[in-house]
Protein chains: 2
Amino acid sequence: MTTTMGRRTTAADVAREAGVSPATVGFVLNRTKGQTISEGTRARVLAAAQQLNYKPHQAARALRSGRNKIVLLVLPDWPLEHSLRTNLEVLTHALAAHGYALITFTPQPDSAATPLWAILEPAVVIGYEPFSLEQITDMKSLGIRNIIPMPGTSADQVSTDFASGPRLQTEYLLGLGHRRLGYAHPSDPRLKEFIKARLQLVNEVCAEAGGRPPIVREVQYQDDSGRAAAAAWQEAGVTAVISYNDETAADVIAGAVRSGIRVPEDLSVVGHDNSPLAARYMPSITSIALDMERLALYMAGLAMHLAEGHPLPDPPTVAASLVCRESAIAR
Amino acid sequence: MTTTMGRRTTAADVAREAGVSPATVGFVLNRTKGQTISEGTRARVLAAAQQLNYKPHQAARALRSGRNKIVLLVLPDWPLEHSLRTNLEVLTHALAAHGYALITFTPQPDSAATPLWAILEPAVVIGYEPFSLEQITDMKSLGIRNIIPMPGTSADQVSTDFASGPRLQTEYLLGLGHRRLGYAHPSDPRLKEFIKARLQLVNEVCAEAGGRPPIVREVQYQDDSGRAAAAAWQEAGVTAVISYNDETAADVIAGAVRSGIRVPEDLSVVGHDNSPLAARYMPSITSIALDMERLALYMAGLAMHLAEGHPLPDPPTVAASLVCRESAIAR
DNA sequence: GAAAATCACTAGTACGTACTAGTTCGTGGG
DNA sequence: CCCACGAACTAGTACGTACTAGTGATTTTC
């Protein structure tokens, strides 16, 4: 133990131990290209670093080099779906493989708290939603140059086309012989745009099949909106309901059953996202599974491309597939 | 706009603009005590900083002062309960109010990835579980001095007594007249110790009431263990089941109903954690709500106490309360 | 009225790294 | 034999901040 108990080991300590200059230590440890180091020296430096348990000081490194290994992912305020959380895990691993740390963060619109990027000053900031001009200005004044999405650059968007999910839901129910459909969505105002987009897709598929658009209802578990919706749908002759996500599907089923409508015998229900709830509910919920892996790898590649010129990855495709369970059957 | 478009604004720029020295800028902006600054100068510096949109460079600040405003919370590998996630939110806010950023992170035991503390070098690292000696050595070699839990210091633990939850579950069912109880828990091996502790408490309450210990069963939604458990309980005359959490309670209910056992008429079930699932399930699940606010405030206080000598907060108590729903009724 | 104390500042340095601009040495070409 | 050239290094600086050790003024004290 050569520990001086208190001060941390610096590159200068390693240099002294190895009998070389601090610069050489830097060259060896960073594998600086354009610099030739003899094999013996390299080994001595490496051994000294090992022995002293040298870890470069990140703040000093960041100050000098002007970059760090932090990627900040700004999450939207809306509740994250199961598939997006999965996406995060894959993304975290993909970045970790290159020494990057992914930090996630949800800005609180009401809070006056410092945004996380001001404290971390990350190499890259990724947002699921576009940033406001104010936010971009703020980041730039902090020296953050890599922002995704950033109009006018290769990083101008990450959001992908999730069109196939709603299409699959609709086509599946139509294929089962259902003609009169319902659409259920949560009431969270932050989801408004997403609901609109998905509903639009459902409408398109219905129209292509020559059917009528679904009867749309807002459903949540906190009140009896599920019961009311179920009654309204029954009145209108609806035999199948497409739900925005699995949680809403559960609320639809609960509302129906509590109104004496059997699921799936009287009413079929499909969810979206293939969350654990879908498998756990009773009846279990037929749902849409999204394969987010390519999207995650794309985002990781994009981030590292901006941070240090890694090659640009291929644009992603998100594959959606139907997971059949108990909550939907043929008419 | 005095933007030089490229280089970020430094304290020197502000100094030049305000016609003072860089040191004065530092004194004004950091409110350095022991330094007197005339009102006029202070105002000029503040105005200049404002006008140039000056933001101190965090890496430089961290390098110079040897501390930063990052608190790293190391999450356990086990799945987080709803109440702990709530805890995180409160903790985040409490720290944000003092300019600290809370970052969470789950170490992957298999992964060779750099642990997040090596990249962030946070001021404080908090773990829900004790750290290994190896981890502590690693952090110390990175210059991290504030580690919670850290044996032999005021920060030697954070985990609190969650005794009242299981006690409440048991007392409630006994109070409803149930005499023969079951206990259901998930199979995740990472939860083993927690299950053991909670079961121990349930056993104690049963013994105090002069009853027999519950019949313990492992239940999960992926297989038919729920059905098997329900049958076994029925055979043994069990009329009420205590569940480790709400997810397991749902799995118990599903298993029972699929076996033709009615819930709550034939079998009462109580969950733990008061998650959204408990409200959403059918029947809705009677559960235990934990008030994590004080724990969160305690953790925040502890972290800031270590980081910069804020006063030590009071030790926490976690209040548990019963939320009555449909899944449990009197015998 | 001189010494001491206080006020309101400034010059300058250290933090630990990455990297530029050398310097020294050995070797091969002419 | 001298010069050029590359290999293998080193000296030294910049990054932006926080803060110590001053330095003139001005005010207080006896």
Side-chain angles (χ1 to χ4, degrees), chain A residues 4 6-45 48-49 52-69 118-119 121 123 141-144 308, chain B residues 4 6-45 48-49 52-69 118-119 121 123 141-144 308:
Chain A
T4 328
R7 239 187 63 268
R8 63 179 292 161
T9 314
T10 72
D13 297 330
V14 176
R16 209 173 306 117
E17 178 81 14
V20 296
S21 76
T24 307
V25 173
F27 293 143
V28 171
L29 265 41
N30 299 330
R31 290 182 197 77
T32 312
K33 57 179 187 174
Q35 273 294 332
T36 47
I37 300 288
S38 71
E39 204 41 62
T41 305
R42 169 184 305 275
R44 279 212 319 291
V45 169
L52 297 178
N53 192 23
Y54 168 68
K55 309 281 176 66
H57 192 302
Q58 298 296 340
R61 182 196 286 258
L63 173 59
R64 166 62 228 212
S65 70
R67 61 181 87 116
N68 60 30
K69 288 276 195 174
I119 296 177
E121 296 184 354
S141 75
L142 288 163
I144 301 171
E308 49 180 308
Chain B
T4 329
R7 237 184 68 267
R8 64 180 288 161
T9 312
T10 73
D13 297 330
V14 177
R16 210 173 305 119
E17 179 79 17
V20 296
S21 76
T24 307
V25 174
F27 293 142
V28 170
L29 265 41
N30 300 330
R31 289 183 196 78
T32 312
K33 57 179 187 176
Q35 274 295 332
T36 46
I37 300 288
S38 71
E39 204 41 62
T41 305
R42 169 184 306 276
R44 278 213 318 289
V45 170
L52 297 179
N53 192 23
Y54 168 68
K55 308 283 174 67
H57 191 302
Q58 298 296 339
R61 180 196 287 257
L63 173 61
R64 165 64 229 212
S65 71
R67 62 181 87 113
N68 59 30
K69 288 276 196 174
I119 296 178
E121 295 185 353
S141 74
L142 288 164
I144 302 171
E308 49 180 306

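Labels below follow one simple rule: chain letters A, B, ... track the order of the sequence lines, proteins then strands, and each chain is numbered from 1. Treat the numbers as computed from the prediction; the structure is a model and nothing was measured.
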Partners meeting side chain to side chain donor-acceptor pair (under 3.5 Å) with [X] (sequence neighbours left out):
X       : answer
B:Ser38 : B:Thr41
A:Thr10 : none
A:Thr24 : A:Ser21

Given that A:Pro22 and B:Gln58 both sit by DNA chain D, which one's nearest nucleotide is further toward the 5' end?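 It is A:Pro22 whose nearest nucleotide is closer to the 5' end.
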
Applying side-chain contact (heavy atoms from CB on, under 4.5 Å), can you list everything that pairs with B:Lys69, at least two apart in sequence or on another chain?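 Checked B:Lys69 against side-chain contact (heavy atoms from CB on, under 4.5 Å); matches are A:Ile119, B:Tyr100, B:Glu308.
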
Under the salt bridge (charged side-chain N to carboxylate O under 4.0 Å, His left out) definition, can you give me all pairs with a residue in residues 58-68 of chain B, not counting sequence neighbours?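 Of all non-adjacent pairs touching residues 58-68 of chain B, none passes salt bridge (charged side-chain N to carboxylate O under 4.0 Å, His left out).
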
What are the bounds, 5' to 3', of the part of DNA chain D that sits under 4.0 Å from heavy atoms of chain B?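 Reading along DNA chain D, I get D:dG16 to D:dT20.
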
Charged N to carboxylate O below 4.0 Å: is that the case for A:Glu121 and B:Lys55?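 Salt bridge flag = no for B:Lys55 with A:Glu121.
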
What does B:Thr10 touch in the nucleic acid at a heavy-atom separation under 4.0 angstrom: a base, only the sugar-phosphate, or nothing?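 Sugar-phosphate, no base atom in range.
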
Kindly state which residues belonging to residues 27-37 of chain A come within less than 4.0 angstrom of DNA chain C, counting heavy atoms of the residue only, listed by number.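 Residues of residues 27-37 of chain A that come under 4.0 Å of DNA chain C are, in numerical order, A:Phe27, A:Asn30.
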
Find the bend of the helix from C:dG1-D:dC30 to C:dG30-D:dC1 as the angle between its two terminal axes (five pairs each), to the nearest 10°.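 Between the axes fitted at each end of the helix from C:dG1-D:dC30 to C:dG30-D:dC1 lies an angle of 50°.
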
Is B:Gln35 reaching over with its side chain to a backbone N or O of B:Phe27, donor-acceptor style, under 3.5 angstrom?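 No; zero donor-acceptor contacts below 3.5 Å.
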
